[in-house]
Amino acid sequence: MPKRLIKDGTDKKVSAWLEDHDQLVDKRLPYEPTMIEIAQFIQPRINNFRSDSDQGKKRTQNILDSSVQLALRRASEGYQSYMFPRSTPWFELELYPLELMQQQENAIWMKKVRDSSLDELARSDFYQEGGAVIDNGLGIGTSACYVEDSPQERCSQYLAMHPKEVYIARNRFGVVDTLHRRFMMTGRTILDKFDQELKGGGVLSRKEVEELEKNLHREQPIIHITKPRTDRDAKNIGPKDLPWASIYLQEDNQKLLRESGYQDFPFAVWCCLLNTDEDYGRSPSWDALPDVKRLQKIVRNILRATEPPPYFYPQEMDAELDLRPEGRNPYRDFQRKIEPIQLQLNVQHATMVADQIRRVIDDHYDVPFFLMFSMREKLQKTATEVVEIAGERAALMGTKVGRIESDFLDKAINLTIRNSARAGRMPPPPTALRQQKDVELRINYIGPLATLQKRYHGQQNMTMTLAQAAPFMEVWPESRDVVNATGAVRTIMTKGGFPPENIHDEKQIREIREKRTAEEQAVKAMLAMQAVGKRPRA
């Protein structure tokens with residue numbers, strides 16, 4: 001992009017921040033032609049990459065067949081309903097080392113934290129914005145979600161940002177740690193969001209503030225920079241010494257509106273498919289784009305072939321022709337006819353090719369997997385067979401699902417829990433747990449898709465292994481002692497999402513077994529006494 005002209009009197013720090021932003025803009029430029037094509041042909045909802053203000057304008061000029069939009073919507077809704085459905089718990093929280101989870105008070109506390117997190121997610125706009133995150137990731141390839149605590153709503157709020165607004169950079173480990181967002185704000189929202197800074201003076205001149213007040217609904221570009229803060233005093237808890245810098249700039253006036261910070265990086269950035277030598281992600285839409293463009297051309301030709309054709313007719317009949325339906329046209333010479341021009345297109349073959357392309361596009365977005373259960377009767381499969389097939393397909397989707405979990409869901413859940421804990425909305429941990437060191441919180445997903453994958457990889461392997469070992473156990477009964485039956489059942493119950501408060505810990509199991517052994521011994525003793533009493537006397 002052309003070099004930015006820095007105005008006279010611009011603060012040196014603001015100038016440096018704007019130059020950093022321009023570098024990230026240049027770094028994204030090679031990706032933008034494909035992003036724009038995807039927006040034009042696949043995601044018309046975001047087809048405004050080159051404009052700051054085109055609200056309400058038509059964005060479907062390049063689309064004659066909406067099959068890919070339907071496939072993308074089914075895939076986006078499918079991933080959401082199979083991975084993080086609103087109607088049912090879809091994750092569990094575990095403490096690591098796992099031995100801590102065998103203590104019932106820890107397991108119960110983890111469930112309370114999980115339930116509190118699910119409640120906050122349900123009360124917020126997470127599920128609405130989460131669908132947009134998946135949609136952008138499957139479309140453009142790079143999708144970012146901003147997570148911010150809202151004291152008024154007593155929960156975190158989420159924002160799936162338009163891909164055109166997002167510019168990212170990664171650290172040496174390939175993790176996104178810098179994000180610039182260029183977006184539009186009205187004068188009213190600027191006055192509201194930066195009220196304290198503007199009242200304090202020194203941010204904008206009185207004339208600039210009056211200009212905002214005069215044009216409350218006029219939009220102007222704002223740049224929000226979030227990056228690691230390297231020049232901070234870790235002992236200070238002030239906003240300018242927090243680990244992550246937060247900087248708001250007014251781009252046109254080149255003025256600093258706010259400099260503060262975050263305790264945690266507040267963004268979850270998901271790249272659907274990522275090459276190791278690239279910062280921005282690719283997606284099924286990048287792969288499907290040639291098929292989508294080809295389908296649009298075929299449909300355009302089919303539509304042209306099904307429209308009323310052009311005609312040959314004698315020149316002298318020009319003023320007398322009536323080619324409307326049931327139009328009347330007099331003849332002078334029956335040998336001279338009005339004939340349609342035959343276009344050379346086999347509509348039936350073209351329609352068949354279009355249907356084949358539509359099926360390929362569905363495969364790009366894994367649509368057959370998400371429709372499998374609703375098409376069970378058509379597939380002529382039993383429910384068990386469908387579950388087995390679905391498990392195999394779910395296993396093939398592991399890479400894509402893993403990225404959604406690690407890049408989006410893990411970070412969104414962790415940010416939600418931390419925001420809630422700082423605000424005092426989370427239940428306090430058990431006293432003994434507070435004294436533990438090196439404790440890690442891990443997320444275990446138990447949604448329908450995760451359950452299918454675990455059943456295919458884990459429990460199926462366990463069942464198959466036991467089936468292979470069964471003949472040996474029959475021949476050598478002592479070999480059964482190799483298997484920790486209690487541990488195996490606990491694993492199956494835990495991974496299957498069974499409520500932890502209904503699973504006994506080791507102490508409870510030992511007490512139950514001791515009680516059962518005592519009862520069995522008492523019954524045996526009673527039976528032995530009865531047997532002695534019934535024995536005939538000599």
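Numbers here simply count residues along the sequence, with the first being 1.
- Asp125 and Gln128 share no donor-acceptor pair across their side chains, judged by distance under 3.5 Å alone.
- Gln157 and Ser150 form no side-chain donor-acceptor contact under 3.5 Å, judged by distance and modelled atom types alone.
- Residues that satisfy the salt bridge (Lys or Arg N to Asp or Glu O under 4.0 Å) test with Arg123, not counting sequence neighbours, are Asp119.
- Salt-bridge formation is detected for the pair Asp264/Arg422: a Lys NZ or Arg NE/NH1/NH2 atom is positioned less than 4.0 Å from an Asp or Glu carboxylate oxygen.
- Between Arg418 and Asp149 there is no salt bridge, since none of the side-chain N atoms of the basic residue sits less than 4.0 Å from a carboxylate O of the acidic one.
- Among the candidates Tyr248, Trp17, Phe194, the single residue satisfying the ring pair (Phe, Tyr, Trp, His ring centres under 6.0 Å) test with His224 is Tyr248.
- Using a distance-only test at 3.5 Å, with no hydrogens or angles considered, a donor-acceptor pair links the side chain of Thr186 to the main chain of Thr189.
- Checked against salt bridge (Lys or Arg N to Asp or Glu O under 4.0 Å), Lys297 has no partners two or more places apart in sequence or in another chain.
- Glu19 has no carboxylate O lying under 4.0 Å from a charged side-chain N of Arg4, or vice versa, which leaves the two without a salt bridge.
- Counting non-hydrogen atoms of neighbouring residues, nucleotides and ligands closer than 6.0 angstrom, the CZ atom of Arg170 exceeds 12 such neighbours.
- Relative to the six-membered ring of Tyr96, Arg442 meets both conditions, a distance below 6.0 Å and an angle of at most 45° to the axis.
- Nearest approach of Pro85 to Ser81, heavy atoms of both residues: CB-O, 3.4 Å.
- The CG atom of Asp252 lies 11.0 Å from the CD atom of Glu208; values are rounded to the nearest 0.5 Å.
- With hydrogens and angles ignored, the 3.5 Å screen pairs a side-chain donor or acceptor of Asp65 with a backbone N or O of Ser67.
- Using modelled atom types, one finds a donor on one side chain and an acceptor on the other under 3.5 Å when comparing Asn136 with Arg45.
- Glu148 approaches Asn419 most closely through the heavy-atom pair C-ND2, 4.3 Å.
- Panel note: side chain Asn171, backbone Phe173; a donor-acceptor pair is recorded below 3.5 Å.
- Residues passing the side chain to side chain contact (heavy atoms under 4.5 Å, CB included) test with Ser420 are Glu120, Arg425, Met426, sequence neighbours excluded.
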Check against side chain to side chain contact (heavy atoms under 4.5 Å, CB included), Thr142 and Leu274
CA-CA 9 Å; Thr142 301; Leu274 184 65; over 6 Å; no
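- Sorted by first and then second residue, the ring-ring contact (aromatic ring centres under 6.0 Å, His included) pairs with a member in residues 252-284 read Tyr31-Tyr280, Tyr146-Phe267, Trp244-Phe265, Phe265-Phe267; sequence neighbours excluded.
- Between Asp355 and Arg358 there is a salt bridge, since at least one side-chain N of the basic residue sits less than 4.0 Å from a carboxylate O of the acidic one.
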Compile the donor-acceptor pairs under 3.5 Å between side chains in residues 284-292 and protein atoms, sequence neighbours left out, one pair per line.
| from | atom 1 | to | atom 2 | distance (Å) |
| --- | --- | --- | --- | --- |
| Ser285 | OG | Leu138 | O | 2.8 |
| Ser285 | OG | Tyr365 | OH | 2.6 |
| Trp286 | NE1 | Ile140 | O | 2.8 |
| Asp291 | OD2 | His364 | NE2 | 3.3 |

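- With respect to the salt-bridge test (charged N to carboxylate O, under 4.0 angstrom), the residues Glu165 and Arg182 do not qualify.
- Residues Thr416 and Ala412 come closest through the heavy atom pair OG1-O, 2.7 Å.
- Here Gln220 contributes atom CD and Asn215 contributes atom CG; the two are 9.0 Å apart, rounded to the nearest 0.5 Å.
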Carefully, step by step, assess Ile225 and Lys227 under the rule side chain to side chain contact (heavy atoms under 4.5 Å, CB included).
CA-CA 7 Å; Ile225 299 173; Lys227 63 178 184 177; 4.3 Å; yes
Decide side chain to side chain contact (heavy atoms under 4.5 Å, CB included) for Arg181 and His21; before the verdict, give the C-alpha distance in whole Å, the side-chain angles of both, and the deciding distance to 0.1 Å.
CA-CA 9 Å; Arg181 182 192 177 207; His21 177 72; over 6 Å; no
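- Checked for salt-bridge contact, Glu259 and Lys13 meet the test: a charged N lies under 4.0 Å from a carboxylate O.
- Between the side chain of Thr10 and the backbone N or O of Ile6 there is no donor-acceptor pair closer than 3.5 Å.
- Arg294 places a side-chain heavy atom less than 4.5 Å from the side chain of Val353.
- Salt bridge Arg258/Glu197: present, at least one basic N to carboxylate O contact under 4.0 Å.
- When only modelled atom types and interatomic distance are considered, Tyr445 and Asp410 share a side-chain donor-acceptor pair under 3.5 Å.
- No donor-acceptor pair under 3.5 Å is formed between the side chain of Ser15 and the backbone N or O of Asp11.
- Arg359 contributes no side-chain N or O that, together with a main-chain N or O of Ala354, makes up a donor-acceptor pair within less than 3.5 Å.
- Taking the six-membered ring for Trp and the full ring otherwise, Phe84 and Phe91 have centroids separated by 6.0 Å or more.
- A ring-centre distance under 6.0 Å is not found for Phe183 and His162.
- Residues satisfying the side chain to side chain donor-acceptor pair (under 3.5 Å) criterion with Lys7, sequence neighbours excluded, are absent altogether.
- A salt bridge does not link Arg403 with Glu405: none of the charged nitrogens is closer than 4.0 Å to a carboxylate oxygen.
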For side chain to side chain contact (heavy atoms under 4.5 Å, CB included), just list the numbers for His180 and Asp22, CA-CA rounded to whole Å, side-chain angles, deciding distance to a tenth of an Å, and then say yes or no.
CA-CA 10 Å; His180 291 207; Asp22 291 342; over 6 Å; no
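- Leu242 and Arg229 make their closest contact through O-NH1, 3.1 Å (heavy atoms, listed as atom of the first residue, atom of the second, distance).
- The two residues Gly187 and Leu212 come nearest to each other via the heavy atoms CA-CD2, 4.0 Å.
- Between the side chains of Asn47 and Gln43, no donor-acceptor pair is found at a separation under 3.5 Å.
- Closest approach of Gly137 to Cys272, counting heavy atoms only: O-CB, 3.3 Å.
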